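Working notes, beginning with the structure itself.
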Amino acid sequence: MNPETRRIRIFDSTLRDGEQSPGCSMNLADKLLVLEHLEALGVDVVEAGFAASSPGDFEAVQALARAAKKTTIASLARCRKADIDRAWEAVKDAAHPRIHVFIATSPLHMECKLRMTPDQVAAAASECVAYARSLCQDVEFSLEDCSRSERPFIYRVVAAAIEAGATTVNMPDTVGFSMPEEYEALFRDVLANVPAASSVVLSCHCHNDLGLAVANSLAAVRGGATQVECCLNGIGERAGNASLEEIVMALKTRHSFFEADTGIDTTRIYAASKCVCSVTGQKLQANKAVVGENAFAHEAGIHQHGVLANPLTYEIMTPESIGLPRSKMVLGKHSGKHAFSQRLVDLGFRIDDEARVDELFSKFKILADRKKTVSDADIEALARHSREVDAPERLTLDRFSVVASDVITPMGTVRLKFDGKLVEKVGTGDGPVNACYTAIREIAGLPDARLEVYNLTAVDGGMDAQCEATVKVSNNGRTYRGSGVSTDIVEASIRAYIQALNFALAGGDAPPAAPFDHPQRGDTGVH
Ligand code: KIV
Ligand code: ZN
């Protein structure tokens with residue numbers, strides 16, 4: 001790193017702001033896996049969750065704090081003593097703990113949400129930061145909805161928070177309202193009007209409601225921010241947060257423009273992004289910048305010609321720089337275990353258990369027999385499901401058959417092993433999947449299990465494509481997620497349902513499915 005350039009800290013909130021968005025909830029094993037990727041990337045701070053929001057969140061933040069090797073681990077906390085105590089309890093075992101306190105400072109939020117006067121907000125900010133600082137050396141303070149707050153009040157609260165001991169001050173564009181020029185000016189103005197501001201880390205945090213989160217974050221860097229808060233794949237509340245990979249690659253690719261460096265090993269980006277897709281089940285749009293499937297694909301002949309002559313003609317960064325090998329070997333039935341394992345690693349899966357790799361490899365061989373070539377999406381789907389082997393398995397599929405027709409009521413006969421004993425039932429429904437689900441519910445003895453969400457997607461194109469079914473099932477007030485993959489849509493659907501019911505049978509140990517188990521926004525006031 002050139003000593004002349006500024007060092008920009010990367011604060012990743014995939015496990016907090018990202019995780020709290022619908023469809024992105026992760027269980028503890030998922031979060032630990034994401035943490036490994038974040039540490040390999042070299043992010044400076046991982047916001048591990050919001051410890052006071054639920055017992056599950058507390059346990060996850062604590063486990064991540066204990067597991068992190070080098071990264072600072074932060075927990076979010078409202079400006080309340082009880083929240084701050086909970087945050088500290090959760091992060092205190094980390095090698096580098098941080099408490100992240102926030103309160104809203106815009107007239108709208110203070111009046112309508114907090115029902116507090118500006119004087120009360122300023123006093124609360126100061127008291128809470130001081131209290132957090134009495135527990136932890138590293139305290140971040142955020143002015144929620146800062147971009148819609150009034151300048152004199154921002155200056156007052158920033159100065160008070162620094163005076164009370166904040167080591168980082170974050171000025172979020174909470175609702176994605178700002179334009180880049182305005183957001184840059186906010187940072188310049190705070191640096192010009194609050195003398196102490198240059199002695200702390202100034203941070204930006206942008207939401208993508210108008211598609212400007214990355215542009216605003218980069219503008220903040222130009223304005224003097226030295227920490228950027230972001231999420232992998234840009235996941236997050238509503239339209240998401242600023243995307244980590246886009247910010248990091250913009251700073252790297254336009255280095256002479258920004259004169260700033262991050263500590264990120266960009267060659268780890270692709271695997272980290274894939275890992276987040278796999279644990280959240282959320283696919284990326286094909287044209288997503290940096291990590292989308294088409295980000296380095298050249299379709300037009302004129303472009304292909306140019307890239308072959310010299311990649312720089314149409315590529316401003318190389319696929320290798322984000323960890324995407326330029327030419328990937330096609331995997332098929334003649335591929336060996338070594339190539340297969342390497343592809344798993346490239347796709348962001350790290351499977352330590354050799355027996356699990358062997359099992360996956362034999363599934364891959366079976367699939368390769370059915371399909372000429374096995375795509376990355378196929379391998380990802382297989383690996384995603386292997387991650388679920390930790391799921392309790394009281395119910396397993398033995399066999400099934402369906403009768404589907406538009407003239408008689410569809411019927412499904414399903415034989416399952418339930419605690420080792422074969423049980424067969426016949427069900428009817430308005431379609432073959434529904435009929436099988438009726439039979440499975442009866443075998444499991446869970447008549448009240450309700451199918452809340454059902455999704456079926458083709459893993460890849462083509463007539464021989466695998467499909468992936470995902471379900472959310474509610475039982476006794478809790479929601480359970482399940483997924484299944486097969487070249488047969490009924491089988492994939494059955495497997496997904498069985499997995500969710502296995503979690504339901506295990507009760508409390510199930511991974512919660514978003515958004516049902518998640519703290520409500522009104523509850524926490526967080527975006
Ligand atoms: O968007 C926001 O303002 C936040 C804060 C809690 C940092 O997420
Ligand atoms: Zn946010």
Side-chain angles (χ1 to χ4, degrees), residues 9-22 24 45-53 57 61 72-80 83-84 86-87 98-110 112-114 121 124-125 128-129 132 138-149 154 157-158 161 166-178 183 186-187 200-210 212-214 216-217 220 225 227-244 247 518-527:
R9 291 171 173 77
I10 297 295
F11 174 117
D12 180 274
S13 193
T14 306
L15 299 175
R16 198 277 296 169
D17 219 334
E19 203 253 353
Q20 80 189 39
S21 63
C24 287
V45 185
V46 168
E47 187 165 45
F50 183 0
S53 68
D57 249 53
V61 177
T72 295
I73 298 291
S75 170
L76 189 65
R78 283 167 295 193
C79 250
R80 295 180 185 181
D83 267 34
I84 297 168
R86 207 71 181 135
R98 172 179 293 190
I99 300 176
H100 178 190
V101 185
F102 77 99
I103 193 162
T105 51
S106 64
L108 190 65
H109 278 230
M110 289 192 289
C112 304
K113 188 182 81 174
L114 299 174
V121 167
C128 290
V129 169
D138 185 346
V139 173
E140 172 165 339
F141 174 71
S142 285
L143 295 82
E144 192 191 14
D145 206 18
C146 186
S147 57
R148 293 193 298 170
S149 306
I154 296 176
V157 175
V158 169
T167 42
T168 298
V169 172
N170 179 35
M171 303 195 290
D173 181 28
T174 302
V175 289
F177 179 75
S178 234
Y183 201 52
L186 170 66
F187 284 79
V200 296
V201 172
L202 269 195
S203 174
C204 61
H205 176 117
C206 298
H207 282 266
N208 206 28
D209 299 67
L210 292 173
L212 291 170
V214 169
N216 280 333
S217 305
Q227 174 177 284
V228 178
E229 305 198 355
C230 46
C231 295
L232 281 163
N233 298 345
I235 63 171
E237 278 286 352
R238 306 182 307 278
N241 284 67
S243 127
L244 180 149
I247 288 164
H518 212 272
Q520 297 302 298
R521 193 186 300 172
D523 220 347
T524 59
V526 183
H527 297 280

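Every number for a ligand or one of its atoms is a count from 1 in the order of the listing. Because the structure is predicted, anything quoted here is derived from the model rather than measured.
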Residue pair His207 / Asn216, side-chain donor-acceptor N/O under 3.5 Å: no
Distance-only donor-acceptor check, side chains Ser178 and Ser147, under 3.5 Å: no
Any idea which part of [X] is under 4.0 Å from ligand 1, heavy-atom wise: side chain, backbone, both or neither?
X: Glu229; value: neither
X: Thr174; value: both
X: Met171; value: neither
X: Glu237; value: neither

Ligand 1 to Asn170 polar contact by distance, N or O atoms, under 3.5 Å: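 In fact, backbone or side chain, Asn170 has no N or O that close.
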Opening angle at the Zn ion (ligand 2) [OD2, Asp17; NE2, His207; to 10 degrees]: 100°
Side-chain ion pair, Asp145 and Arg148, N-O less than 4.0 Å: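 Salt bridge: yes.
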Where ligand 1 meets His207 - atom numbers and elements under 4.0 angstrom, heavy-atom basis: 1 (O)
Under 3.5 Å donor-acceptor, Ser217 side chain and Val228 backbone: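 No: the side chain of Ser217 does not pair with the backbone of Val228.
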Shortest heavy-atom approach to atom 6 (C) of ligand 1 - which of Glu144, Arg78, His205, Arg16: Arg16
Test side-chain hydrogen bond (donor to acceptor under 3.5 Å, both in side chains) applied to Ser203 - qualifying residues, sequence neighbours left out: Asn170, Gln227, Glu229
Residues forming a side-chain hydrogen bond (donor to acceptor under 3.5 Å, both in side chains) with Asp209, sequence neighbours excluded: Arg238
